[in-house]
Participant: 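Got a structure here, written out as C-alpha coordinates. Questions coming.
Just so we're clear, the structure is a prediction, and the values are computed from it rather than from any experiment. Start at 1 and go down the list; that is how both ligands and their atoms are numbered. Position 1 is the first residue of the sequence; numbering continues from there.
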Amino acid sequence: MNHEFAVQALRHMLRIRLFEERTLEVLMQGKLASTMCHVSIGQEAVAAGVCMAMQPQDYLTSTHRGHGHLIARGGDLGRMMAELMGKETGYCKGRGGSMHITDMALGHLGANGIVGGHIGIAVGAGLWSKLSANNAVTMCLFGDGAVTEGVFHEALNMAAVFRLPVVFVCENNQYAMSLPWSKSTPAVDFKTRAAAYAMPGIDVDGQDVAAVYQAAREAAERARRGDGPTLIGAHTYRFFGHSRGDPSAYRDPEEERRWRERDPIPLFKARALSAGWLSQDDMAALEADARQAMDDAVQFAEAAPPARDAVAFEDVYAPSGAHSAERERQHSTL
Ligand SMILES: Cc1ncc(C[n+]2csc(CCOP(=O)(O)OP(=O)(O)O)c2C)c(N)n1
(Lines give C-alpha, C1' and ligand atoms only; values in the text may rest on other atoms or scores of the structure.)
Protein backbone atom coordinates (compact mmCIF):
# COMPACT_ATOMS: atom_id res chain seq x y z
CA MET A 1 0.00 0.00 0.00
CA ASN A 2 1.62 3.24 -1.12
CA HIS A 3 1.04 6.40 -3.15
CA GLU A 4 0.92 4.56 -6.50
CA PHE A 5 -1.58 2.02 -5.25
CA ALA A 6 -3.79 4.77 -3.78
CA VAL A 7 -3.74 6.82 -6.98
CA GLN A 8 -4.83 3.83 -9.05
CA ALA A 9 -7.47 2.67 -6.58
CA LEU A 10 -9.08 6.08 -6.18
CA ARG A 11 -8.80 6.80 -9.89
CA HIS A 12 -10.72 3.62 -10.76
CA MET A 13 -13.39 4.09 -8.09
CA LEU A 14 -14.02 7.73 -9.03
CA ARG A 15 -14.25 6.86 -12.72
CA ILE A 16 -16.74 4.10 -12.04
CA ARG A 17 -18.86 6.29 -9.77
CA LEU A 18 -18.86 9.28 -12.13
CA PHE A 19 -19.43 7.17 -15.23
CA GLU A 20 -22.51 5.62 -13.69
CA GLU A 21 -23.81 8.93 -12.35
CA ARG A 22 -23.47 10.35 -15.87
CA THR A 23 -25.15 7.25 -17.26
CA LEU A 24 -28.17 7.85 -15.03
CA GLU A 25 -28.22 11.49 -16.11
CA VAL A 26 -28.17 10.73 -19.83
CA LEU A 27 -30.73 8.01 -19.25
CA MET A 28 -33.08 10.58 -17.70
CA GLN A 29 -32.45 12.83 -20.71
CA GLY A 30 -33.68 10.00 -22.94
CA LYS A 31 -30.33 9.62 -24.64
CA LEU A 32 -29.64 5.94 -23.96
CA ALA A 33 -30.59 3.38 -26.58
CA SER A 34 -32.28 1.22 -23.96
CA THR A 35 -33.56 1.80 -20.46
CA MET A 36 -31.95 -1.53 -19.47
CA CYS A 37 -29.08 -0.35 -17.36
CA HIS A 38 -27.76 -1.60 -14.01
CA VAL A 39 -25.41 0.61 -12.02
CA SER A 40 -22.96 -0.61 -9.39
CA ILE A 41 -22.75 2.59 -7.33
CA GLY A 42 -21.63 1.51 -3.83
CA GLN A 43 -19.72 -1.55 -5.14
CA GLU A 44 -16.76 0.23 -6.77
CA ALA A 45 -14.14 -1.17 -4.40
CA VAL A 46 -14.77 -4.71 -5.63
CA ALA A 47 -14.22 -3.92 -9.31
CA ALA A 48 -11.18 -1.76 -8.56
CA GLY A 49 -9.54 -4.21 -6.13
CA VAL A 50 -10.06 -7.24 -8.36
CA CYS A 51 -8.91 -5.61 -11.61
CA MET A 52 -5.85 -4.07 -9.98
CA ALA A 53 -4.70 -7.59 -9.11
CA MET A 54 -4.70 -8.59 -12.80
CA GLN A 55 -1.78 -8.75 -15.22
CA PRO A 56 -2.06 -7.64 -18.87
CA GLN A 57 -2.44 -11.20 -20.26
CA ASP A 58 -5.28 -12.08 -17.84
CA TYR A 59 -8.96 -12.58 -18.69
CA LEU A 60 -12.08 -11.17 -17.08
CA THR A 61 -15.71 -12.26 -17.30
CA SER A 62 -18.43 -9.87 -16.23
CA THR A 63 -22.11 -9.42 -15.51
CA HIS A 64 -25.16 -7.35 -16.37
CA ARG A 65 -23.86 -4.92 -13.69
CA GLY A 66 -20.46 -4.74 -15.30
CA HIS A 67 -19.52 -1.15 -16.22
CA GLY A 68 -17.15 -0.96 -13.24
CA HIS A 69 -15.31 -4.13 -14.19
CA LEU A 70 -14.42 -2.83 -17.64
CA ILE A 71 -13.56 0.65 -16.37
CA ALA A 72 -11.17 -0.76 -13.76
CA ARG A 73 -9.62 -2.96 -16.46
CA GLY A 74 -8.85 0.19 -18.47
CA GLY A 75 -11.83 0.19 -20.83
CA ASP A 76 -12.44 3.15 -23.13
CA LEU A 77 -15.08 5.40 -21.57
CA GLY A 78 -16.05 7.02 -24.87
CA ARG A 79 -16.69 3.67 -26.55
CA MET A 80 -18.65 2.53 -23.48
CA MET A 81 -20.87 5.61 -23.45
CA ALA A 82 -21.34 5.35 -27.23
CA GLU A 83 -22.43 1.75 -26.80
CA LEU A 84 -24.98 2.76 -24.17
CA MET A 85 -26.30 5.44 -26.51
CA GLY A 86 -26.58 2.95 -29.38
CA LYS A 87 -23.93 4.63 -31.48
CA GLU A 88 -21.82 3.26 -34.31
CA THR A 89 -18.57 3.97 -32.42
CA GLY A 90 -19.62 1.93 -29.39
CA TYR A 91 -17.84 -1.23 -28.27
CA CYS A 92 -20.39 -3.42 -30.11
CA LYS A 93 -21.20 -0.82 -32.80
CA GLY A 94 -24.21 0.17 -30.72
CA ARG A 95 -25.89 -3.22 -30.99
CA GLY A 96 -25.09 -4.74 -27.61
CA GLY A 97 -25.86 -2.08 -25.04
CA SER A 98 -24.87 -2.05 -21.40
CA MET A 99 -25.12 -5.79 -20.80
CA HIS A 100 -23.00 -7.06 -23.68
CA ILE A 101 -19.90 -4.89 -23.77
CA THR A 102 -16.77 -6.86 -24.61
CA ASP A 103 -13.16 -5.81 -25.11
CA MET A 104 -11.05 -8.74 -26.27
CA ALA A 105 -7.95 -6.54 -26.47
CA LEU A 106 -8.14 -6.18 -22.68
CA GLY A 107 -8.94 -9.87 -22.15
CA HIS A 108 -12.48 -8.81 -21.22
CA LEU A 109 -14.50 -11.77 -22.46
CA GLY A 110 -17.81 -10.01 -22.13
CA ALA A 111 -20.53 -8.81 -19.86
CA ASN A 112 -23.39 -11.28 -19.79
CA GLY A 113 -27.13 -10.80 -19.31
CA ILE A 114 -27.62 -14.45 -18.33
CA VAL A 115 -27.17 -14.71 -14.58
CA GLY A 116 -24.30 -17.15 -14.00
CA GLY A 117 -23.77 -17.77 -17.73
CA HIS A 118 -20.26 -16.36 -17.75
CA ILE A 119 -19.08 -18.56 -14.86
CA GLY A 120 -18.94 -21.41 -17.37
CA ILE A 121 -17.15 -19.15 -19.86
CA ALA A 122 -14.53 -18.35 -17.21
CA VAL A 123 -13.87 -22.05 -16.71
CA GLY A 124 -13.47 -22.44 -20.47
CA ALA A 125 -10.93 -19.61 -20.47
CA GLY A 126 -9.16 -21.24 -17.53
CA LEU A 127 -9.02 -24.56 -19.36
CA TRP A 128 -7.54 -22.82 -22.40
CA SER A 129 -4.91 -21.17 -20.18
CA LYS A 130 -3.96 -24.49 -18.67
CA LEU A 131 -3.77 -26.30 -22.01
CA SER A 132 -1.87 -23.54 -23.78
CA ALA A 133 0.27 -22.56 -20.75
CA ASN A 134 -0.36 -18.87 -21.51
CA ASN A 135 0.24 -17.78 -17.90
CA ALA A 136 -3.16 -16.05 -17.77
CA VAL A 137 -5.51 -16.04 -14.81
CA THR A 138 -9.25 -15.54 -15.35
CA MET A 139 -11.06 -13.28 -12.93
CA CYS A 140 -14.72 -14.24 -12.85
CA LEU A 141 -17.04 -11.70 -11.19
CA PHE A 142 -20.66 -12.62 -10.50
CA GLY A 143 -23.51 -11.59 -8.23
CA ASP A 144 -24.96 -13.42 -5.25
CA GLY A 145 -27.93 -14.43 -7.45
CA ALA A 146 -25.56 -16.57 -9.53
CA VAL A 147 -24.47 -18.62 -6.51
CA THR A 148 -27.85 -20.35 -6.48
CA GLU A 149 -27.69 -21.26 -10.19
CA GLY A 150 -26.64 -24.80 -11.15
CA VAL A 151 -23.76 -23.58 -13.29
CA PHE A 152 -22.02 -22.23 -10.18
CA HIS A 153 -21.63 -25.75 -8.80
CA GLU A 154 -20.63 -27.30 -12.13
CA ALA A 155 -18.08 -24.60 -12.85
CA LEU A 156 -16.42 -24.64 -9.43
CA ASN A 157 -16.34 -28.40 -9.44
CA MET A 158 -14.66 -28.59 -12.84
CA ALA A 159 -12.20 -25.79 -12.06
CA ALA A 160 -11.21 -27.59 -8.87
CA VAL A 161 -10.84 -31.01 -10.49
CA PHE A 162 -8.61 -29.61 -13.26
CA ARG A 163 -6.88 -27.08 -10.96
CA LEU A 164 -7.68 -24.27 -13.38
CA PRO A 165 -6.29 -20.76 -12.96
CA VAL A 166 -9.62 -19.07 -12.22
CA VAL A 167 -10.51 -16.70 -9.40
CA PHE A 168 -14.24 -16.76 -8.65
CA VAL A 169 -15.39 -13.51 -7.07
CA CYS A 170 -18.93 -13.21 -5.78
CA GLU A 171 -19.91 -9.56 -5.57
CA ASN A 172 -22.42 -10.14 -2.81
CA ASN A 173 -24.48 -6.94 -2.86
CA GLN A 174 -27.07 -8.68 -0.64
CA TYR A 175 -29.92 -8.79 -3.19
CA ALA A 176 -30.80 -10.62 -6.41
CA MET A 177 -33.44 -8.19 -7.67
CA SER A 178 -35.75 -8.12 -4.62
CA LEU A 179 -34.58 -11.43 -3.13
CA PRO A 180 -32.31 -10.94 -0.10
CA TRP A 181 -29.21 -13.12 0.17
CA SER A 182 -30.38 -14.22 3.62
CA LYS A 183 -33.54 -15.74 2.09
CA SER A 184 -31.97 -17.35 -0.97
CA THR A 185 -29.34 -19.53 0.67
CA PRO A 186 -28.45 -20.89 4.11
CA ALA A 187 -26.11 -18.71 6.14
CA VAL A 188 -22.85 -20.23 4.92
CA ASP A 189 -19.79 -18.08 4.40
CA PHE A 190 -17.66 -18.36 1.27
CA LYS A 191 -14.76 -19.97 3.06
CA THR A 192 -17.04 -22.85 4.01
CA ARG A 193 -18.63 -23.05 0.55
CA ALA A 194 -15.16 -23.21 -1.03
CA ALA A 195 -14.17 -26.09 1.25
CA ALA A 196 -16.81 -28.24 -0.47
CA TYR A 197 -14.72 -27.88 -3.64
CA ALA A 198 -11.42 -28.30 -1.81
CA MET A 199 -10.37 -24.80 -2.77
CA PRO A 200 -9.48 -21.87 -0.53
CA GLY A 201 -12.27 -19.42 0.24
CA ILE A 202 -11.91 -15.84 1.38
CA ASP A 203 -14.62 -13.59 2.82
CA VAL A 204 -13.65 -9.98 2.42
CA ASP A 205 -15.06 -6.53 3.16
CA GLY A 206 -16.18 -5.38 -0.29
CA GLN A 207 -16.19 -1.73 0.80
CA ASP A 208 -12.44 -1.85 1.44
CA VAL A 209 -10.53 -1.65 -1.84
CA ALA A 210 -7.20 -2.57 -0.23
CA ALA A 211 -8.67 -5.70 1.35
CA VAL A 212 -10.29 -6.77 -1.92
CA TYR A 213 -7.03 -6.18 -3.77
CA GLN A 214 -5.07 -8.27 -1.27
CA ALA A 215 -7.50 -11.16 -1.46
CA ALA A 216 -7.63 -11.06 -5.28
CA ARG A 217 -3.86 -10.80 -5.57
CA GLU A 218 -3.27 -13.72 -3.25
CA ALA A 219 -5.78 -15.81 -5.24
CA ALA A 220 -4.28 -14.75 -8.61
CA GLU A 221 -0.77 -15.66 -7.45
CA ARG A 222 -1.98 -19.03 -6.32
CA ALA A 223 -3.71 -19.65 -9.66
CA ARG A 224 -0.63 -18.54 -11.61
CA ARG A 225 1.56 -20.93 -9.62
CA GLY A 226 -0.63 -23.78 -10.85
CA ASP A 227 -2.31 -24.33 -7.48
CA GLY A 228 -5.84 -23.91 -8.83
CA PRO A 229 -8.91 -21.77 -8.20
CA THR A 230 -10.06 -19.70 -5.21
CA LEU A 231 -13.53 -18.51 -4.25
CA ILE A 232 -13.82 -14.99 -2.87
CA GLY A 233 -16.97 -13.52 -1.34
CA ALA A 234 -16.76 -9.72 -1.43
CA HIS A 235 -19.55 -8.39 0.76
CA THR A 236 -20.94 -5.13 -0.53
CA TYR A 237 -24.17 -3.24 -1.30
CA ARG A 238 -25.79 -1.59 -4.29
CA PHE A 239 -26.84 1.90 -3.26
CA PHE A 240 -29.54 2.11 -5.95
CA GLY A 241 -32.31 -0.21 -7.08
CA HIS A 242 -31.75 -3.29 -9.23
CA SER A 243 -32.21 -1.21 -12.36
CA ARG A 244 -33.90 2.02 -13.33
CA GLY A 245 -37.44 2.17 -11.99
CA ASP A 246 -36.77 0.00 -8.93
CA PRO A 247 -37.25 2.12 -5.80
CA SER A 248 -36.04 -0.80 -3.61
CA ALA A 249 -39.23 -0.74 -1.56
CA TYR A 250 -38.28 -4.23 -0.30
CA ARG A 251 -35.26 -2.85 1.59
CA ASP A 252 -35.18 -1.47 5.09
CA PRO A 253 -34.20 2.24 4.94
CA GLU A 254 -32.16 1.76 8.11
CA GLU A 255 -30.17 -1.00 6.40
CA GLU A 256 -29.59 1.31 3.41
CA ARG A 257 -28.41 4.10 5.71
CA ARG A 258 -25.94 1.80 7.47
CA TRP A 259 -24.40 0.67 4.19
CA ARG A 260 -24.26 4.20 2.75
CA GLU A 261 -22.19 5.16 5.79
CA ARG A 262 -19.67 2.67 4.44
CA ASP A 263 -19.37 4.23 1.01
CA PRO A 264 -16.08 2.82 -0.34
CA ILE A 265 -14.89 6.12 -1.80
CA PRO A 266 -14.94 8.36 1.30
CA LEU A 267 -13.75 5.37 3.36
CA PHE A 268 -10.67 5.00 1.17
CA LYS A 269 -10.06 8.75 0.95
CA ALA A 270 -9.97 9.03 4.75
CA ARG A 271 -7.60 6.10 5.03
CA ALA A 272 -5.31 7.33 2.26
CA LEU A 273 -5.16 10.77 3.81
CA SER A 274 -4.36 9.55 7.32
CA ALA A 275 -1.75 7.08 6.04
CA GLY A 276 -0.10 9.82 3.97
CA TRP A 277 -0.66 7.96 0.68
CA LEU A 278 -2.58 10.88 -0.83
CA SER A 279 -2.90 14.60 -0.12
CA GLN A 280 -6.07 16.68 -0.51
CA ASP A 281 -4.53 18.10 -3.68
CA ASP A 282 -3.90 14.63 -5.10
CA MET A 283 -7.54 13.72 -4.50
CA ALA A 284 -8.86 16.95 -6.02
CA ALA A 285 -6.68 16.40 -9.10
CA LEU A 286 -7.95 12.83 -9.52
CA GLU A 287 -11.54 14.01 -9.26
CA ALA A 288 -11.03 16.83 -11.78
CA ASP A 289 -9.36 14.38 -14.16
CA ALA A 290 -12.25 11.91 -13.84
CA ARG A 291 -14.84 14.66 -14.44
CA GLN A 292 -13.01 15.75 -17.57
CA ALA A 293 -12.87 12.14 -18.77
CA MET A 294 -16.68 11.88 -18.38
CA ASP A 295 -17.25 15.10 -20.35
CA ASP A 296 -15.01 13.76 -23.10
CA ALA A 297 -16.79 10.40 -23.12
CA VAL A 298 -20.25 11.95 -23.39
CA GLN A 299 -19.07 14.35 -26.08
CA PHE A 300 -17.50 11.49 -28.06
CA ALA A 301 -20.69 9.46 -27.81
CA GLU A 302 -23.04 12.31 -28.66
CA ALA A 303 -21.04 13.26 -31.73
CA ALA A 304 -21.09 9.72 -33.12
CA PRO A 305 -23.61 8.51 -35.75
CA PRO A 306 -26.34 6.12 -34.59
CA ALA A 307 -25.94 2.37 -35.12
CA ARG A 308 -26.97 1.38 -38.64
CA ASP A 309 -29.71 -1.17 -39.30
CA ALA A 310 -27.71 -2.43 -42.26
CA VAL A 311 -25.03 -3.92 -39.98
CA ALA A 312 -27.47 -5.59 -37.58
CA PHE A 313 -26.48 -9.08 -38.73
CA GLU A 314 -22.75 -8.46 -39.10
CA ASP A 315 -20.39 -10.22 -36.69
CA VAL A 316 -23.04 -12.75 -35.69
CA TYR A 317 -21.08 -15.64 -37.22
CA ALA A 318 -17.34 -15.81 -37.82
CA PRO A 319 -16.52 -16.07 -41.55
CA SER A 320 -16.24 -19.80 -42.21
CA GLY A 321 -12.62 -19.66 -43.40
CA ALA A 322 -11.46 -17.65 -40.41
CA HIS A 323 -13.33 -19.96 -38.08
CA SER A 324 -11.76 -23.17 -39.34
CA ALA A 325 -8.29 -21.59 -39.54
CA GLU A 326 -8.58 -20.55 -35.91
CA ARG A 327 -9.80 -24.00 -34.88
CA GLU A 328 -6.94 -25.62 -36.68
CA ARG A 329 -4.49 -23.32 -34.94
CA GLN A 330 -5.97 -24.16 -31.56
CA HIS A 331 -5.96 -27.89 -32.21
CA SER A 332 -2.38 -27.87 -33.32
CA THR A 333 -1.46 -25.98 -30.11
CA LEU A 334 -3.23 -28.57 -27.99
C1 LIG B 1 -30.56 -17.22 -15.90
C2 LIG B 1 -31.28 -15.95 -15.55
N3 LIG B 1 -32.28 -15.96 -14.66
C4 LIG B 1 -32.93 -14.81 -14.34
C5 LIG B 1 -32.58 -13.64 -14.93
C6 LIG B 1 -33.29 -12.34 -14.55
N7 LIG B 1 -32.37 -11.53 -13.70
C8 LIG B 1 -31.65 -10.54 -14.20
S9 LIG B 1 -30.67 -9.85 -13.07
C10 LIG B 1 -31.23 -10.88 -11.86
C11 LIG B 1 -30.72 -10.78 -10.45
C12 LIG B 1 -29.27 -11.10 -10.38
O13 LIG B 1 -28.83 -10.92 -9.08
P14 LIG B 1 -27.30 -11.01 -8.73
O15 LIG B 1 -26.68 -12.16 -9.44
O16 LIG B 1 -27.19 -10.99 -7.26
O17 LIG B 1 -26.67 -9.71 -9.36
P18 LIG B 1 -27.01 -8.18 -9.03
O19 LIG B 1 -28.14 -7.79 -9.93
O20 LIG B 1 -27.35 -8.09 -7.59
O21 LIG B 1 -25.76 -7.46 -9.37
C22 LIG B 1 -32.17 -11.75 -12.36
C23 LIG B 1 -32.85 -12.79 -11.56
C24 LIG B 1 -31.52 -13.66 -15.88
N25 LIG B 1 -31.12 -12.55 -16.49
N26 LIG B 1 -30.87 -14.81 -16.15
Side-chain angles (χ1 to χ4, degrees), residues 13 16-17 19-20 23-24 27 34-51 60-73 84 96-102 108 110-123 139-156 167-190 193 203-204 206-207 212 231-252 255-256 259-260 262-264:
M13 291 197 292
I16 299 169
R17 174 72 53 97
F19 181 87
E20 295 204 313
T23 299
L24 291 174
L27 175 70
S34 156
T35 54
M36 205 39 120
C37 173
H38 311 84
V39 296
S40 61
I41 293 174
Q43 305 177 204
E44 295 87 347
V46 182
V50 167
C51 291
L60 173 69
T61 65
S62 176
T63 70
H64 58 285
R65 201 178 299 286
H67 304 149
H69 309 153
L70 181 54
I71 293 172
R73 183 60 175 158
L84 296 179
S98 166
M99 285 193 285
H100 302 100
I101 296 181
T102 301
H108 182 289
N112 201 314
I114 300 170
V115 172
H118 65 289
I119 309 183
I121 294 172
V123 172
M139 292 289 190
C140 173
L141 285 138
F142 51 90
D144 43 285
V147 173
T148 55
E149 296 279 349
V151 66
F152 172 84
H153 164 67
E154 295 176 43
L156 267 74
V167 179
F168 298 99
V169 183
C170 177
E171 222 170 334
N172 177 12
N173 65 11
Q174 316 300 322
Y175 289 86
M177 296 181 109
S178 57
L179 181 66
W181 172 244
S182 58
K183 288 196 177 150
S184 65
T185 174
V188 177
D189 60 21
F190 282 81
R193 275 170 210 274
D203 287 271
V204 67
Q207 306 309 90
V212 174
L231 174 63
I232 297 175
H235 303 285
T236 181
Y237 203 74
R238 61 168 157 73
F239 288 178
F240 286 83
H242 171 74
S243 62
R244 181 180 171 265
D246 169 17
S248 304
Y250 46 85
R251 297 202 301 204
D252 176 3
E255 175 190 283
E256 291 191 353
W259 277 96
R260 278 178 179 272
R262 304 206 62 246
D263 183 325

Participant: Could you work out, with side-chain contact (heavy atoms from CB on, under 4.5 Å) as the rule, every residue matching Ile114, not counting sequence neighbours?
Facilitator: Asn112
Participant: Taking 4.0 Å as the limit for heavy-atom contacts, which would you say applies to His64 with ligand 1: side chain only, backbone only, both, or neither?
Facilitator: side chain
Participant: Can you see which heavy atom on Gln207 is nearest to which on Tyr237, and at what distance?
Facilitator: OE1-N, 4.0 Å
Participant: Considering only the protein, which heavy-atom contact is closest to atom 9 (S) of ligand 1, and what is its distance?
Facilitator: His242 CE1, 3.3 Å
Participant: For atom 15 (O) of ligand 1, what is the closest protein heavy atom, and at what distance to 0.1 Å?
Facilitator: Gly145 N, 3.1 Å
Participant: Show the nearest heavy-atom pair for residues Cys170 and Val147, with the distance to one decimal.
Facilitator: SG-CG2, 3.8 Å
Participant: Does Arg65 approach ligand 1 within less than 4.0 angstrom via side chain, backbone, both or neither, non-hydrogen atoms only?
Facilitator: side chain
Participant: Checking a contact table here: which protein heavy atom is nearest atom 3 (N) of ligand 1, and how many Å away?
Facilitator: Glu149 OE2, 4.1 Å
Participant: Counting both backbone and side chain atoms, is some N or O of Val115 under 3.5 Å from an N or O of ligand 1?
Facilitator: yes
Participant: Between Val169 and Phe190, is there a side-chain heavy-atom distance shorter than 4.5 Å?
Facilitator: no
Participant: Counting N and O atoms only, with roles assigned by atom type, does the side chain of Glu44 sit under 3.5 Å from a partner on the main chain of Gly42, one being a donor and the other an acceptor?
Facilitator: yes
Participant: Out of all atoms in ligand 1, which are within 4.0 Å of some heavy atom of Met177? Include the element for each.
Facilitator: 7 (N), 10 (C), 11 (C), 22 (C), 23 (C)
Participant: Return the minimal non-hydrogen interatomic distance between His118 and Phe142, and the atom names on each side.
Facilitator: NE2-CB, 3.6 Å
Participant: Considering only distance and modelled atom types, tabulate donor-acceptor pairs under 3.5 Å from the side chains of residues 175-184, sequence neighbours left out.
Facilitator:
from, atom 1, to, atom 2, distance (Å)
Tyr175, OH, Glu255, OE1, 3.4
Tyr175, OH, Glu255, OE2, 2.8
Ser184, OG, Trp181, O, 3.2

Participant: If we only count N/O pairs under 3.5 Å, is Arg238 in contact with ligand 1?
Facilitator: no
Participant: Tell me the protein heavy atom at minimum distance from atom 25 (N) of ligand 1, and give that distance in Å.
Facilitator: Gly113 O, 2.9 Å
Participant: Examine the proximity of ligand 1 to Phe142 and report which part, side chain or backbone, both or neither, has a heavy atom under 4.0 Å away.
Facilitator: neither
Participant: Please list, in number order, the atoms of ligand 1 under 4.0 Å from a heavy atom of Asn173.
Facilitator: 18 (P), 20 (O), 21 (O)
Participant: Find all atoms of ligand 1 within a distance of less than 4.0 Å from any non-hydrogen atom belonging to Ala146, and give their numbers and elements.
Facilitator: 15 (O)
Participant: Can you see whether Phe240 has Arg260 sitting over its ring - NZ or CZ less than 6.0 Å from the centre and within 45° of the normal?
Facilitator: yes
